[in-house]
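Just below is one structure, and these are the notes that go with it.
The chains referred to below are lettered A, B, ... by the order of the sequence lines, with proteins before strands, and numbering in each begins at 1.
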Amino acid sequence: MNDRSEHPAASPSGVRLIASADTWIEGEALRQLEQTAALPGMRAAVGLPDLHPGKGYPIGAAFLSERIYPALVGNDIGCGMALWQTDLATRKLKPERAVARLQGLEGPWNGDLDAWRGEQDLESTDFDSALGTIGGGNHFAELQTVAEILDRDAFSALDLDAEQLLLLVHSGSRGLGESILRTLIEQQGHQGLDPASDAAQAYLARHDRALDWAKANRRLIAARLLDALGAEAEPRLDVWHNLVHPLDWSGERLWLHRKGAAPADQGPLVIPGSRGTLSYLVQPSPDCDASLRSLAHGAGRKWKRGEARGRLSARQRPDDLLTTALGGRVVCEDKELLYDEAPEAYKGIDRVVADLVEAGLCHIIATLRPALTYKVRRPAHKQPGHRKPQRRRA
DNA sequence: ATGTCC
């Protein structure tokens, strides 16, 4: 491991990068990591091996601070990864049939939303109609098969069945988190908040609601997808990788910000690769203080959004991207998104996870293979029959 | 990332 700095507690800048020399980290991401680590009240910063540039602040990083920085959590408050054990036998999966059945997951759910919110103990928001929708960007719902089991005891302890499909859902708080951050920035700017201030308390209350909303969203996404497939499933894990929460650290109360950083203190979790590579079910090590109790949340982007189409379209047609090197099927009728989320746009997950293992932060329970990755059907404005608003003539 | 929005 190429540990380029001291332990956070001992380093003057408090910055630690967990990445081997073989893991490429963009210079802009390192600059963002250093700049963020220099904000007032910041005590420690950790870049995970999936570190890549974000909008001002890096993604794939954890920050420990005396103050609360909402902009550091970002707009997708509560985004995370949840795993279900389905009752679908892997050998019985007919991908083309499953693809055909997965329709209409983009629009509002047509079930009894008020009753469902009641069961989930979820308050009503202006974004109820978005509950149960995956969204864009890197969000997805994916059926996976178990490729290899490396820690049979841990695998069994999770009550997983290697002969049945798993469902992994990556989504967040949709427009709700975005509205919370936008309002906060309008009122407070990018400054850190004193945790005792009214502004901080108001933000935290809304933030915590967005966490619940995002988790419920993943649950409803799974329920809708399973319903479409005629399957049932049981939840196995659900972790947030965008949030801020208080942490007692060496006798002090500080605030841990995770921005695209998975928790290492809440049991096993899935670190997904791209849709064309394996994902990893890992067991965090008991002591992950060196990484601020955090792990990588995925492979990390190699190419910026919007760059992939230009880089790939000469050698790969859109149809080529609907099946992957591992034999998986992809449902994504948004062409730009199809390219943006191509496996080539991401770093290699094998190296990212190896960096974590070599740093002593986790071990691998099992590898998972994508069978069907659901992103999005055709965007509404490109649906057949959609009329473009006519530009008014002078 | 985003009831993005040409």
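Considering only residues two or more places apart in sequence or on other chains, A:Tyr346 meets the ring pair (Phe, Tyr, Trp, His ring centres under 6.0 Å) condition with none of them.
Straight-line distance from the CG atom of A:Leu181 to the P atom of B:dT4: 17 Å, rounded to whole Å. A straight line from NZ of A:Lys335 to C1' of B:dC5 spans 18 Å, rounded to a whole angstrom. Nucleotide B:dG3 holds its P atom 12 Å from the CG atom of A:Leu131, rounded to whole Å. Look at CG on A:Asp334: it is 14 Å from C1' on B:dC6, rounded to the nearest Å. One interatomic measurement links the two molecules: CD1 of A:Ile134 to C1' of B:dG3, which rounds to 16 Å at whole-angstrom precision. For the pair A:Arg174 CZ and B:dG3 P, the interatomic distance rounds to 5 Å; values are reported in whole Å. Rounded to an integer number of Å, the gap from A:Ile180 CD1 to B:dG3 C1' is 16 Å. Between the CZ atom of A:Arg305 and the C1' atom of B:dT2 there is a distance of 12 Å, given to the nearest Å.
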Self-check item: A:His207 vs A:His245, ring pair (Phe, Tyr, Trp, His ring centres under 6.0 Å): CA-CA, chis, key distance, verdict
Solution: CA-CA 10 Å; A:His207 162 281; A:His245 67 76; 8.9 Å; no
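Note on A:Gly177: nothing from the nucleic acid sits closer than 4.0 angstrom, heavy atoms only. Residue A:Gly74 is classed as having no contact, given no heavy-atom separation below 4.0 Å to the nucleic acid. Across all strands, A:Asp340 comes closer than 4.0 Å to no nucleic acid atom at all (heavy-atom distances).
Within the cation-pi definition used here (under 6.0 Å to the ring centroid, within 45° of the axis), A:Lys215 qualifies as a partner of A:Trp240.
Contact annotation: A:Arg182 side-chain N/O to B:dT2 OP1/OP2 distance is not under 4.0 Å.
Below 30°, between 30° and 60°, or above 60°: for A:His297 and A:His52 the angle between ring planes is below 30°, a parallel geometry.
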